[in-house]
Amino acid sequence: MSIDVEDYFQVAAFAPYIDRERWNSMPCRVERNIDRILELLDRHQARATFFTLGWIAERYPAMIREIVARGHELASHGYSHARASEQTPAAFREDLSRAKALLEDTGGVAVRGYRAPSFSIGAANLWAHDVIAETGHAYSSSVYPIAHDHYGMPQAPRFAWRAPSGVVEIPPSSLRLLGRNLPASGGGYFRLLPYPVSRWGIRRINERDGEPCIFYFHPWEIDPEQPRIRQANAKARFRHYVNLERTAGRLDRLLRDFRWGRVDEVFATRLERAASTTDHVQ
Ligand SMILES: [Zn+2]
């Protein structure tokens, strides 16, 4: 189970309407939403990985320490929420190093995982895995093996694979149906489709593929009261606001219907094996 820790005004779809300079003056919702998520996870005795923005850690250190204190994994979502595909290798390295140092100082734990904003690692920028390794991360969860208008690499493996740099890529889950990979890991689809469809997909991945599901959501997805970004176009608004009022209830069912854990624990064997492999050939 994974949570991408960012606020409602930082999502990529709203970037054209909200300048980064305005982030500091936007009413923040992330703390109260994370509180609710921590309670929800506790209620089901579930652990999760929190891919957290450095920008957020800088402003809410107590929240970061609470996430760690409750037994969850603290991981990185980069500092500034810039897409990996829109950065030079040097800028990307700087963003990752800054976030990792901030998160580790604040949380007092080692950060091993990284998730690129909007799953923005694909065929055109696989060099990003080298930088993820060089900045001291053991795994990435950033290459979505589907076709989507904003991201995705449909030909990428559906399950954990080792990049030449040694980093293990643990992709968000997809379903193989009629010769295509379909998203089955949360996000907008979890809000849009009826819950039994999501449950069916996750069961199929567990049973047919014999693999754990990588599910993700955002704190703002359980917050129907969040301020509306009215300037955004209709498609972005639909994707962001559809069924927000249903998500908390659905997550409750999801946590009841399956057993969930931290990415570093669920994939512990896989990560150990990758770390002990010295040859850099896949
Ligand atoms: Zn994000």
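Computed over heavy atoms, backbone and side chain alike; hydrogens, waters and symmetry mates excluded. Ligands are counted one by one from 1 in listed order, and the atoms in each one are counted from 1 as well.
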Output, by chain and residue number, all protein N/O/S atoms separated from the Zn ion (ligand 1) by less than 2.8 Å. Glu6 OE1, His77 NE2, His81 NE2

Inspect the contact between Arg70 and Asp42 and indicate whether a charged nitrogen and a carboxylate oxygen are less than 4.0 angstrom apart. yes

Could I get the full list of salt bridge (charged side-chain N to carboxylate O under 4.0 Å, His left out) partners for Glu94, not counting sequence neighbours? none

May I ask you to say whether Arg158 pairs ionically with Asp209, meaning some side-chain N is under 4.0 Å from a carboxylate O? yes

Quick one: do Glu134 and Arg93 make a salt bridge, cutoff under 4.0 Å? yes

For Ile146, is there any backbone N or O sitting under 3.5 Å from a side-chain donor or acceptor partner on Arg180? no

Check whether the ring centres of Phe215 and Phe190 lie less than 6.0 Å apart, and answer yes or no. yes

